[in-house]
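A short write-up of the structure that comes next.
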Amino acid sequence: MAVLSHLEPASAFHYFEELCSIPHGSGNTRAVSDYCVRFAQVHGLRYVQDEHNNVIIYQPGTPGYEQSPAVMLQGHLDMVCEKEPDCDIDFAADGLRLQVEDGVISARGTTLGGDDGIAVAYALAILAAEDIPHPPLEVVLTVDEEIGLLGAAALDGSLLQSRILLNIDSEEEGHLLISCAGGATATCRLPVERGEVSGQLATLTVEGLRGGHSGTEIIQNRANANVLLGRALYALDRELDYDLLRVDGGTKDNAIPRQSVAQLMVNPEEGETLAEFAAEWSATFAKEFQSTDPGVSLRLGLGEEGTFSAMGESDKCTVVSSLILLPNGIQRMSGDIPGLVQTSLNLGILQTSEDEVSASFSVRSSVSSEKTALLHKLTALMGVLGGRLEVSGEYPAWEYRPDSPLRDLMVQVFQEQYGHPPVVEAIHAGVECGLLSYKLPGLDCVSFGPDMKDVHTTSERMDVASVQRVWKYLLEVLKRLK
């Protein structure tokens, strides 16, 4: 028996549960894409499925709305797949195990995929209904949003006529998103040459940081483990001689790294000095970040003696200097929207190979020229330091639109239904509205959605009552778009 069958709106929860039964992690979207195609075929609707698995479903306006401007309903088909260590679900083959408790939907042992399965469920429920008034619809269901907005980037904009977009990919009811940052991944690459050195292995580990999303939580000014490690290595170079074997920290360019490790070769007689240094800098970091990262520490580990391959002295100095010189964090706040980070970058991944050290940044700005300027700065620094910069995954900003009839209408409808105004805001993170606005000049768009908590974690949950209220809100907005 369906777990969500007793919930209203019944159609929306039916399609959400259907989606949850189909594996649809990022990069594994063919099955869920085909499901949407079969839905269109069953309902006699025109559709396009591209080679990337994006799906567009078209539906004419209901009686009285035939000549209204077309409206795009948009969400993404993929989900972030995380599970508890003891969970036996195979995300490539198994569906989710849904549960409802105290008015909240979650999945046992895994992420829920409410981000963004609820958008797809809303859209299919509207397409399947015969009693919901609406303008002509273009339902755009993209793929691989969670790994770089890849589906939206590949989408053929010529397939779309609408210039009104309802993006249902926000996780806080009552918040209308009207602008987001553009971004890119920038990877600095420094070549290194190695030689054999003898001594005692030592590790310096920056750990205990809070981390977080480099877009939404960069404003918290939390510590970056890779940056702190660079500070420590630069200071250590002024106190004792050491050879550098490698530096590694962070796992994702868009996550503030919580841990970073340097592997060194030192004179065995310097152990006590090194221990004092680690204790001193651990205390320094703890004092500096007592509010944002109270658990931060610099931990020393001493290993075996022997002969190992280390970077040459010149390359070591270049690598350590780069960790001091490369910018990180907030670069500029918005002058138009109070409290909004306008431009930032995050040194999310530090990696060492046999012949190279790479530093990968997530670069963001809601002003395209400032993003370009920041990439130019990294390019110039690499030129001076003898490295090179690679830029990938670039996507445009969704710039604030002072005149937005859609925003005005949605604020009005919200006020009428909820009895108070919504929060209208911009975020310092990338959403698909930026790419779609770039492909469709003049696009008027707003992003919204029901309450979801702890998305992208195994504690992810979605509030049933909020889904119900946002459904009612969405239908009224569509009705008013005549």
- [ ] Establish, from distance only, whether the side-chain atoms of Ser344 and Gln331 form a donor-acceptor pair under 3.5 Å.
- [x] no

Task: Flag, side chain of Asp78 to backbone of Glu145, donor-acceptor distance under 3.5 Å - done: yes

Task: Flag for Asn221-Thr292: side-chain donor and acceptor within less than 3.5 Å - done: no

- [ ] Find out whether Arg231 and Phe285 are in side-chain contact, i.e. whether some heavy atom of one side chain is under 4.5 Å from a heavy atom of the other.
- [x] yes

- [ ] Can you sort out the partners of Arg246 under side chain to side chain donor-acceptor pair (under 3.5 Å), two or more places apart, ordered by chain and number?
- [x] Asp248

Open item on the list: Tell me if the NZ atom of Lys252 is crowded by more than 12 foreign heavy atoms within 6.0 Å.
Closed with: no

- [ ] Report yes or no: does Asp463 contribute a side-chain atom to a donor-acceptor pair with the main-chain N or O of Ser466 at less than 3.5 Å?
- [x] yes

Task: Arg258/Glu207 salt bridge by N-O under 4.0 Å criterion - done: no

TODO: Applying salt bridge (charged side-chain N to carboxylate O under 4.0 Å, His left out), name anything that partners Glu239, two or more places apart in sequence or on another chain.
DONE: none

TODO: Begin from the C-alpha positions of Leu274 and Val266 and carry the test side-chain contact (heavy atoms from CB on, under 4.5 Å) through to its verdict.
DONE: CA-CA 9 Å; Leu274 195 55; Val266 297; 4.2 Å; yes

Open item on the list: Around atom OH of Tyr234, are there more than 12 heavy atoms from other residues, nucleotides or ligands closer than 6.0 Å?
Closed with: no

Task: Within 6.0 angstrom of Glu196 CD, more than 12 heavy atoms from elsewhere - done: yes

TODO: Verify the ring-centre separation between His24 and Tyr35: is it less than 6.0 angstrom?
DONE: no

Task: SB check Asp444 Arg407 (cutoff 4.0 Å) - done: no

TODO: Taking atom CG of Asp90 as the centre, report whether more than 12 heavy atoms of other residues, nucleotides or ligands fall under 6.0 Å from it.
DONE: yes

Open item on the list: With side-chain hydrogen bond (donor to acceptor under 3.5 Å, both in side chains) as the test, pick out the partner of Asn346 among Asp253, Asn226, Asn224.
Closed with: Asn224

Open item on the list: Whether Glu390 and Arg388 form a salt bridge (side-chain N of Lys/Arg under 4.0 Å from carboxylate O of Asp/Glu) is what I want to check.
Closed with: yes

TODO: Check the side chains of Ser360 and Thr187 for a donor-acceptor pair under 3.5 angstrom, ignoring hydrogens and angles.
DONE: yes

Open item on the list: Could you check whether any side-chain heavy atom of Leu474 comes within less than 4.5 Å of a side-chain heavy atom of Leu73, counting everything from C-beta outward?
Closed with: yes

